[in-house]
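Letters go in sequence order (proteins before strands), and every chain restarts at 1. Heavy atoms only: backbone and side chains are in, while hydrogens, waters and symmetry mates are out.
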There are 2 protein chains.
Amino acid sequence: MGKRTSPELESGRNDNGLGGNGRDETIYRNLFTAIVENHLAPGTKLPEDTLAETYGVSRTSIRKVLQRLTHERLVDVRLNRGASVAQPSVGEARDIFSARRVIECGAIPLVVSKATPAALDGLRDLVRRETAAQERGDWRESIYLSGAFHVALIGIAGNETLTDFLTQLVSRSSLAIATYGSPQTASCRHSEHDDVITIIAGGDVEGAMQWMDRHLRDVERTVVFAEEEPAAADLKKILEEVAQRRTKLR
Amino acid sequence: MGKRTSPELESGRNDNGLGGNGRDETIYRNLFTAIVENHLAPGTKLPEDTLAETYGVSRTSIRKVLQRLTHERLVDVRLNRGASVAQPSVGEARDIFSARRVIECGAIPLVVSKATPAALDGLRDLVRRETAAQERGDWRESIYLSGAFHVALIGIAGNETLTDFLTQLVSRSSLAIATYGSPQTASCRHSEHDDVITIIAGGDVEGAMQWMDRHLRDVERTVVFAEEEPAAADLKKILEEVAQRRTKLR
DNA sequence: ATAAGTTTAATTGTATCCAAAACACCTCTA
DNA sequence: TAGAGGTGTTTTGGATACAATTAAACTTAT
């Protein structure tokens with residue numbers, strides 16, 4: 001697995017609020033990364049026994065981690081049927097990007113007012129690493145850093161609650177991308193990200209908000225044009241399609 | 001406990017995403033209500049045994065509920081020290097209201113564009129019940145309905161994700177109010193809520209956003225002027241104060 | 001051979017059990 | 001008398017055991 005030296009993303013606070021004593025924190029991060037970086041495809045079942053063996057702990061700990069991921073909407077749990085990697089519906093995917101527009105645009109005034117040179121340098125560094133990853137074709141790292149950039153940008157506002165919300169939205173965006181988008185189109189193209197740093201550095205609130213709105217709409221557009229159910233509503237529809245084919249053939 | 005016929009508030013989806021099989025869902029709601037309506041003061045310890053006996057289940061189920069409430073930031077859990085009702089710091093309280101301004105103002109355009117007469121009638125009904133509760137001095141119901149109004153308003157946007165976020169923020173606002181505010185000032189005064197319905201019905205996006213921003217700043221102002229730590233940082237400070245008193249006295 | 005019904009296996013939900021940590025009380029000492 | 005140290009109790013963290021539910025395999029009858 002990619003050894004990640006700087007966890008810019010990953011669930012808000014690492015001193016996690018529940019009784020995570022380090023071990024299940026590790027398990028959580030492993031699963032989180034596996035899901036968000038699309039090592040586990042949406043819909044993949046996550047049996048408690050398997051995970052328990054994998055990490056050498058009892059199901060108890062696994063269930064705790066699974067519950068956390070469920071709360072973050074990265075896994076779905078149905079009664080007596082266990083957990084699986086979440087498959088955002090088209091509607092959910094839209095909601096996620098809509099919510100991102102609300103939060104990321106709405107936080108821009110705070111960000112601009114609190115943007116220090118040091119903070120902007122941190123952003124620039126992320127962009128540098130993002131373009132580097134992009135040039136060497138490491139799309140996984142590229143997507144990761146793209147998300148990390150958005151989180152870090154809002155992080156400048158200094159509002160932990162908002163940052164947590166956005167972190168969750170960015171993770172879920174990755175899931176939506178994995179479910180509907182083509183991998184290469186997914187990461188924000190040509191490091192547009194540099195542009196917004198300039199705009200923010202110039203103190204142009206209105207411009208930054210417009211940039212962000214357009215940027216997020218661009219990303220969404222490359223992703224959700226699949227329009228209809230991913231693999232669900234299968235049987236009936238498939239059978240009907242088959243029926244039509246056969247009538248055509250004869 | 002108040003028999004509540006219409007659960008407008010309460011954690012996003014009632015068909016909860018985790019394995020809640022009805023029984024622990026009930027436990028969750030009871031605890032949720034007890035915390036949000038301030039039957040349990042912030043800081044109150046929540047021992048697992050006690051809760052288990054109270055609800056006639058094993059600690060296992062209690063821990064699940066407690067974890068959920070922890071994720072929603074309504075309880076704090078410290079390693080090996082158990083759970084207690086969360087005490088938002090002043091900084092957190094500010095962040096909560098700041099986040100509410102971002103989300104509730106940012107969602108206004110969506111709300112206005114999707115506002116149907118039926119939806120507005122639903123809002124009016126909530127206001128009616130809120131003023132009724134206020135007039136009969138039922139401040140608990142009044143606060144509840146005030147929060148429910150804000151959630152229902154954003155709910156018109158039809159974005160479940162945003163609604164979930166706001167639901168959490170409103171619950172945490174109640175905790176902040178319980179921690180810092182005086183009860184009667186807490187509920188939004190004189191049913192201002194009616195005003196925004198009119199503005200929205202008129203299609204005035206800009207006006208509605210300004211109203212919401214001012215409204216939330218008003219609510220925040222009546223609450224967080226305590227400025228400094230609630231009861232924390234006790235020992236040292238208290239001892240120092242006592243020391244000063246004694247030097248004055250002699 | 002297919003479809004329904006029944007039995008078997010696998011997986012989750014819940015309770016109980018044990019170990020470790022925190023807390024309270026009590027004693028002993030300076 | 002105040003403080004340090006130690007013992008016992010309470011409470012939490014985690015694993016295991018058992019019950020309940022679902023999914024799968026197999027049988028049987030049409």
For the backbone of [Y] and the side chain of [X], can you confirm whether one donor and one acceptor N or O come within less than 3.5 Å of each other?
| X | Y | result |
| --- | --- | --- |
| B:Ser146 | B:Ser142 | no |
| B:Ser171 | B:Thr167 | yes |
| A:Asn159 | B:Asp95 | yes |

Please report, rounded to the nearest Å, how far the [atom2] atom of [N] is from the [atom1] atom of [X].
| X | N | atom1 | atom2 | result |
| --- | --- | --- | --- | --- |
| B:Asp24 | C:dA15 | CG | C1' | 14 Å |
| A:Gln67 | C:dT12 | CD | P | 15 Å |
| A:Ile62 | D:dT16 | CD1 | C1' | 15 Å |
| B:Arg23 | C:dA15 | CZ | C1' | 10 Å |

Salt bridge (Lys or Arg N to Asp or Glu O under 4.0 Å) against B:Asp49, all qualifying residues, sequence neighbours excluded:
none

Return the minimal non-hydrogen interatomic distance between A:Thr161 and B:Arg172, and the atom names on each side.
OG1-NH1, 3.5 Å

Contacts of type side chain to side chain donor-acceptor pair (under 3.5 Å), residue A:Ser58, not counting sequence neighbours:
A:Thr60

Any residue meeting side chain to side chain donor-acceptor pair (under 3.5 Å) with B:Ser61, in chain and number order, not counting sequence neighbours:
none

Filtered N/O pairs between nucleotides 16-23 of chain C and protein, under 3.5 Å:
from   : atom 1 : to      : atom 2 : distance (Å)
C:dA21 : O3'    : B:Asn80 : ND2    : 3.4

Write out all pairs satisfying salt bridge (charged side-chain N to carboxylate O under 4.0 Å, His left out) with one or both partners inside residues 147-156 of chain B, taking only residues at least two apart or from two chains.
none

Look at A:Arg63 and C:dT12 and indicate whether a side-chain polar atom (N or O) is within less than 4.0 Å of OP1 or OP2.
no

OP1 or OP2 of C:dG13 sitting under 4.0 Å from any side-chain N/O of B:Lys64?
no

Nucleic acid contacts of residues 44-53 of chain B, taken as heavy-atom distances under 4.0 Å to DNA chain C
none

